[in-house]
Q: 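What follows is a single structure, and I will ask about it in a moment.
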Number of protein chains: 2
Amino acid sequence: MAAERSGGGDPARTLALLWRTPPEPKAVGRKPKVSVDQIVAAAIAVADREGLGAMSMARVAQELSVGTMSLYTHVPGKAELIDLMADTVLQERDLTPDGTWRERIKHYADRTRAVYQAHPWMRDVSMVRPPLGPGLMDGQEFVLAALADSGLEPRQVTIAHVAVEGFVHGAAASEVDDRQLEVVTGESGDSWWGSRQLFWDDYFDVERYPTMTSLWNAGAYDIEGTLADSVRKSFDYGLEKLLDGIEGGMR
Amino acid sequence: MAAERSGGGDPARTLALLWRTPPEPKAVGRKPKVSVDQIVAAAIAVADREGLGAMSMARVAQELSVGTMSLYTHVPGKAELIDLMADTVLQERDLTPDGTWRERIKHYADRTRAVYQAHPWMRDVSMVRPPLGPGLMDGQEFVLAALADSGLEPRQVTIAHVAVEGFVHGAAASEVDDRQLEVVTGESGDSWWGSRQLFWDDYFDVERYPTMTSLWNAGAYDIEGTLADSVRKSFDYGLEKLLDGIEGGMR
DNA sequence: TATTGTTTCCGTATGGCCTACGGAAATGGG
DNA sequence: CCCATTTCCGTAGGCCATACGGAAACAATA
């Protein structure tokens, strides 16, 4: 599966949907059976339960007891629907601007990770050219405000912003991958790592990979706790170090 | 499009393919018209030219003047083929272990980015649970060796490794997104940012986004050079800062 | 009430995709 | 020449998005 992205559809239409431009109450004509919000909610529900791969237009329509083609009256197509889904769940972050700038960015990272945990399919949505809706924009404002408070020059703020945003979304996406695979294949994430065993047994070459070998012998891979904890720890560390670096760059 | 990943197919079979376990030369039977390598090469060629979305089994077979179903004799399925493609292009990195540990990681990042630039469809391949082939493993050994030389404790090396690897692949994927969108939609990447204009014109709210407004007024968004240069600069900065942080964490 | 204009609903059809199945074709050894 | 073995691949089934066009519902109007 390749990363989902909004197609080349009319950007004006997509933006109007993202910002829920007043539905222009029609005084005439047949009453709608479903609303955009219902469609988005149903799509999110399906994706939450069965993964983005199962989120077909037919499946969403079924969820709403509506004909498949009815959806196209309210939404231009599947790509735009995914944009709407992503922006909607990003709005769940509910960011509160308390503490130091570092604490606020940590808060942002945690809230974003929570979104990915609650909606694992976010892993499959490209966040590089994200939907320009309120969910995304509010998050960007939050991070920019925190970085601006750090004392960085304006130009540096924008550069640091890209680095932080990329890291946070990447981290959140990685963290979720275990769970996601579990949903799709019915196999536990950790058991995938179990199948890694096969590699170590049959293909690992001590001569070719001396560093891995010595790290292994040094016990560096004896993880305590679950794999998920371990991955999370790595990314907390990574964020801390990134922020350390950004902070140090100010001097 | 959701991120492509190898299915739940037999891991042993996939590993054997990734490491090209001796094809067990058959003395009997019909001669193969195509080899695994040819299939992988054709698939890469198609994806390079037309994107991963265009890389269908039928399209690859056509490229080789072979029936679609013939491919399944050599490759278990599409998911496994994508794994093979990814590991193959990662082998192009040709990593040379020169310089300080920081220089080597920078080198690794650059080579990895080059792979993404040459094969933009890599953006659509999940690198969180990557194919355990030589291309990937050699890269991991390289990064681990560099980090081990930095003076970090073994346990710290493995954690830093995850952070670096995540950052590099995330950065490379982001950088490539402009180009990728161009291929898929026939629209220039920068013109997508042009359509961003619509957002600023019709939906941007100065009250809601004060930091963005003041950054804008401070000229922080007056980028020189192309967008691609600008994105690249951001990630060079991010990597530097991450490495600064990792280095600082040793004290 | 009947008509008309407007809007939504949705059945059908097209063209794409992956891949299971099973038979046809090729090949080299006996 | 036969035949076991291997590869090739046509057919078909089951998904998918969505273009098209007509049916259905509704409000205002006649």
Side-chain angles (χ1 to χ4, degrees), chain A residues 1-2 4-10 13 23-39 42-43 46-47 50-85 124 184-185, chain B residues 1-2 4-10 13 23-39 42-43 46-47 50-85 124 184-185:
Chain A
M1 299 192 277
E4 302 278 356
R5 17 184 56 281
S6 67
D10 181 14
R13 172 91 191 275
E24 191 83 32
K26 320 281 187 187
V28 176
R30 184 174 179 167
K31 291 273 184 278
K33 283 173 72 174
V34 287
S35 65
V36 172
D37 293 278
Q38 281 170 21
I39 292 172
V46 170
E50 305 167 43
L52 195 59
M55 199 285 288
S56 66
M57 296 302 271
R59 185 74 187 69
V60 172
Q62 186 190 49
E63 191 84 359
L64 295 167
S65 306
V66 154
T68 305
M69 292 314 292
S70 300
L71 303 184
Y72 287 88
T73 304
H74 308 280
V75 163
K78 192 185 183 183
E80 289 81 357
L81 177 53
I82 291 174
D83 276 357
L84 287 167
M85 291 166 66
D124 299 326
V184 172
T185 70
Chain B
M1 300 193 278
E4 302 277 356
R5 16 184 59 280
S6 67
D10 180 14
R13 172 92 190 274
E24 190 85 30
K26 320 280 186 187
V28 177
R30 184 173 179 166
K31 289 274 185 274
K33 282 173 73 173
V34 287
S35 65
V36 172
D37 293 279
Q38 281 170 22
I39 293 173
V46 170
E50 306 168 42
L52 195 59
M55 198 285 287
S56 66
M57 297 301 272
R59 184 76 188 66
V60 172
Q62 186 190 47
E63 191 85 359
L64 294 167
S65 306
V66 154
T68 305
M69 293 313 292
S70 300
L71 302 184
Y72 288 88
T73 304
H74 308 279
V75 162
K78 191 186 185 184
E80 289 82 357
L81 177 53
I82 292 175
D83 276 357
L84 287 168
M85 293 166 65
D124 300 325
V184 172
T185 69

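Naming: A, B, ... by sequence-line order, numbering from 1 per chain.
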Q: As an exercise, state the distance from CG of B:L64 to CZ of B:R59, rounded to the nearest 0.5 Å.
A: 10.0 Å

Q: Can you give me the closest heavy-atom contact between B:V60 and B:A42, atom names plus distance?
A: CG1-CB, 4.1 Å

Q: In plain terms, say whether A:R13 and A:E80 are close enough for a salt bridge, that is, a side-chain N and a carboxylate O under 4.0 Å apart.
A: no

Q: Taking only N/O atoms, report every protein-nucleotides 15-19 of chain D pair under 3.5 Å with atom names and distance.
A:
{"residue": "D:dC16", "atom": "OP1", "partner": "A:S56", "partner atom": "OG", "Å": "3.3"}
{"residue": "D:dA17", "atom": "OP1", "partner": "A:M57", "partner atom": "N", "Å": "3.3"}
{"residue": "D:dA17", "atom": "OP1", "partner": "A:K78", "partner atom": "NZ", "Å": "3.2"}
{"residue": "D:dA17", "atom": "OP2", "partner": "A:M57", "partner atom": "N", "Å": "3.1"}
{"residue": "D:dT18", "atom": "OP2", "partner": "A:Y72", "partner atom": "OH", "Å": "2.9"}
{"residue": "D:dT18", "atom": "OP2", "partner": "A:K78", "partner atom": "N", "Å": "3.1"}

Q: With sugar-phosphate meaning primed atoms plus P, OP1 and OP2, does A:V34 contact a base, only sugar-phosphate, or nothing at under 4.0 Å between heavy atoms?
A: sugar-phosphate

Q: Measuring from B:Q38:CD to B:E63:CD, what's the distance to the nearest 0.5 Å?
A: 12.0 Å

Q: Where along nucleotides 24-30 of chain D does protein come under 4.0 Å, by heavy atom, of base (B) or sugar-phosphate alone (S), with - for untouched nucleotides?
A: BBBS---

Q: Going 5' to 3' on DNA chain C, which nucleotide is the first and which the last to come under 4.0 Å of a heavy atom in chain A?
A: C:dG5 to C:dT12

Q: Provide the closest heavy-atom pair for B:M85 versus B:A47 in the form atom of the first, atom of the second, distance.
A: CE-CB, 3.8 Å

Q: Under the criterion side-chain contact (heavy atoms from CB on, under 4.5 Å), I'd like the reasoning laid out for B:L81 against B:M57: C-alpha separation, chi angles, the key distance, then a yes or no.
A: CA-CA 9 Å; B:L81 177 53; B:M57 297 301 272; 4.1 Å; yes

Q: Rounded at 0.5 Å granularity, tell me how far NE2 in B:H74 sits from CG in B:L84.
A: 13.0 Å

Q: So how far is it from B:L52 CG to B:I82 CD1, rounded to the nearest 0.5 Å?
A: 5.0 Å

